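Report on the following structure.
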Protein chains: 2
Amino acid sequence: MFSKTCKYAINAMIYVASLPGGNERSGLKDISKAINSPEAFTAKILQQLVKSDLLHSMKGPNGGFYIHRDTHQIFLSEIVQAIDGDLIFTGCALGLEKCSEDHPCPVHHKFKAVRDHLTGMLMTTSLKDVADSVNVGSSFLKI
Amino acid sequence: MFSKTCKYAINAMIYVASLPGGNERSGLKDISKAINSPEAFTAKILQQLVKSDLLHSMKGPNGGFYIHRDTHQIFLSEIVQAIDGDLIFTGCALGLEKCSEDHPCPVHHKFKAVRDHLTGMLMTTSLKDVADSVNVGSSFLKI
DNA sequence: ATATTAAAGGATATTTTTGTCCTTTATAAA
DNA sequence: TTTATAAAGGACAAAAATATCCTTTAATAT
């Protein structure tokens with residue numbers, strides 16, 4: 001569904017969003033430990049998120065990553081889009097180059113319904129929604 | 001969503017299912033031409049499908065691949081399962097090893113709804129359904 | 001029987017994704 | 001101002017997915 005990179009990215013964003021204090025910073029080590037991901041690889045992903053303006057960073061002592069925007073206004077779809085692009089939202093299920101309403105692949109219509117469901121879910125689920133559920137202990141970021 | 005291998009597999013199965021005459025055989029060349037896939041790679045995929053008993057094959061002159069079972073009773077889910085395994089049906093959206101109703105990841109419940117939708121679609125869409133739509137010209141296997 | 005055809009199978013190559021390591025740059029604290 | 005800290009960036013490595021090539025096996029037709 002999502003690339004491994006994208007899964008790490010979502011996890012990382014949720015973790016940072018779930019930190020108390022809102023704009024508190026969290027370092028690479030903390031993040032990768034919290035989401036159980038390889039540190040160096042996570043660094044690259046965080047860089048991508050910073051470039052996509054989903055995350056912000058500060059170098060030096062007490063530096064780290066933080067979220068600038070209101071987490072209530074950041075939706076999972078933005079993270080997925082930033083990392084995996086929009087093929088998941090628009091691509092043909094069977095990989096056809098030219099697949100559209102006018103020239104549909106054999107599963108186009110049925111698949112579109114599922115994809116719209118997924119897209120809708122991602123576009124309406126905010127980082128705050130999921131971070132809150134982590135904070136109240138009703139969901140988890142790792143084992 | 002699906003691996004490229006799986007997409008080729010679905011396309012190939014639909015193509016063979018859409019052949020007139022039902023149990024007619026189609027060769028590797030025809031199939032890979034029809035679905036616009038690399039021939040040698042497609043050969044490997046067809047082998048997998050044969051091993052999974054979704055497809056049957058005959059060597060020698062006039063040999064080729066054909067579908068044994070009633071295409072009305074073969075569902076897309078079986079193809080996906082045979083090639084990509086069942087991670088798409090059961091795996092955690094965020095890649096967590098231990099993700100369940102009791103110990104859900106932050107998107108578990110919302111994602112489950114989407115996944116159930118996908119699963120339901122795949123389990124109820126038969127090869128005959130989609131092959132028919134190709135045959136009447138309302139859907140296409142390539143550009 | 002022999003030749004031809006087409007799938008099966010094994011080995012290998014290429015590409016993409018995932019992952020690591022090390023140096024450079026920016027920031028802050030001493 | 002110097003030192004410590006932590007992200008940024010570049011180069012490289014490993015693993016997995018995708019793809020090719022060539023030989024072997026099975027079936028048919030001559």
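If you're wondering where the values come from, they're calculated on a predicted model, not measured in any experiment. The sequence lines fix the lettering, A, B, ..., with proteins before strands; numbering per chain opens at 1.
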For a quick check under 3.5 Å, do B:S32 and B:S37 share a side-chain donor-acceptor pair by atom type? no
Value for CG (B:L122) from NZ (A:K110), rounded to nearest 0.5 Å, stands at 10.0 Å
Interface residues of residues 2-12 of chain B with DNA chain D (non-hydrogen, below 4.0 angstrom): B:S3, B:K4, B:T5, B:Y8
So A:V50 and A:H56, do their side chains get closer than 4.5 Å, heavy atoms only? no
According to salt bridge (Lys or Arg N to Asp or Glu O under 4.0 Å), who are the partners of A:D132, at least two apart in sequence or on a separate chain? A:K128
Cluster question for you: counting only ILVMFWY and a side-chain heavy-atom cut-off of under 4.5 Å, with indirect links fine, are B:F75 and B:I10 together? no
For DNA chain C, which nucleotides open and close the run of contacts to chain A, 5' to 3', at under 4.0 angstrom from a non-hydrogen atom? C:dT18 to C:dA29
Salt bridge present between B:E39 and B:K44 (N-O < 4.0 angstrom): no
Quick one: ring pair (Phe, Tyr, Trp, His ring centres under 6.0 Å) partners of B:H108, sequence neighbours excluded? none
Is any side-chain nitrogen or oxygen of B:N62 closer than 4.0 Å to OP1 or OP2 of D:dA29? yes
B:N36 has an atom CG; how far is it from atom P of D:dA19, in whole Å? 11 Å
Nearest-nucleotide 5' precedence on DNA chain D, B:M58 against A:L28: A:L28
Mind listing the residues from residues 40-52 of chain A sitting with a heavy atom below 4.0 Å of DNA chain C? Number order is fine. A:A40, A:F41, A:K44
Testing the 3.5 Å rule here: is there a donor-acceptor pair between the side chains of A:D116 and A:T119? no
Given that B:P61 and A:P61 both sit by DNA chain C, which one's nearest nucleotide is further toward the 5' end? B:P61
Whole-Å distance between D:dA26 P and B:R25 CZ? 17 Å
State, without any angle test, whether B:S139 and B:S133 hold a side-chain donor-acceptor pair at a distance under 3.5 Å. yes
Among residues two or more places apart or on two chains, list those pairs meeting side-chain hydrogen bond (donor to acceptor under 3.5 Å, both in side chains) that have a residue in residues 3-19 of chain A. A:S3-A:D84
Atom-pair distance (NZ on A:K59; P on D:dA7), nearest Å: 10 Å
Sidechain-backbone polar pair: B:R25 side chain, B:I67 backbone, donor-acceptor under 3.5 Å: no
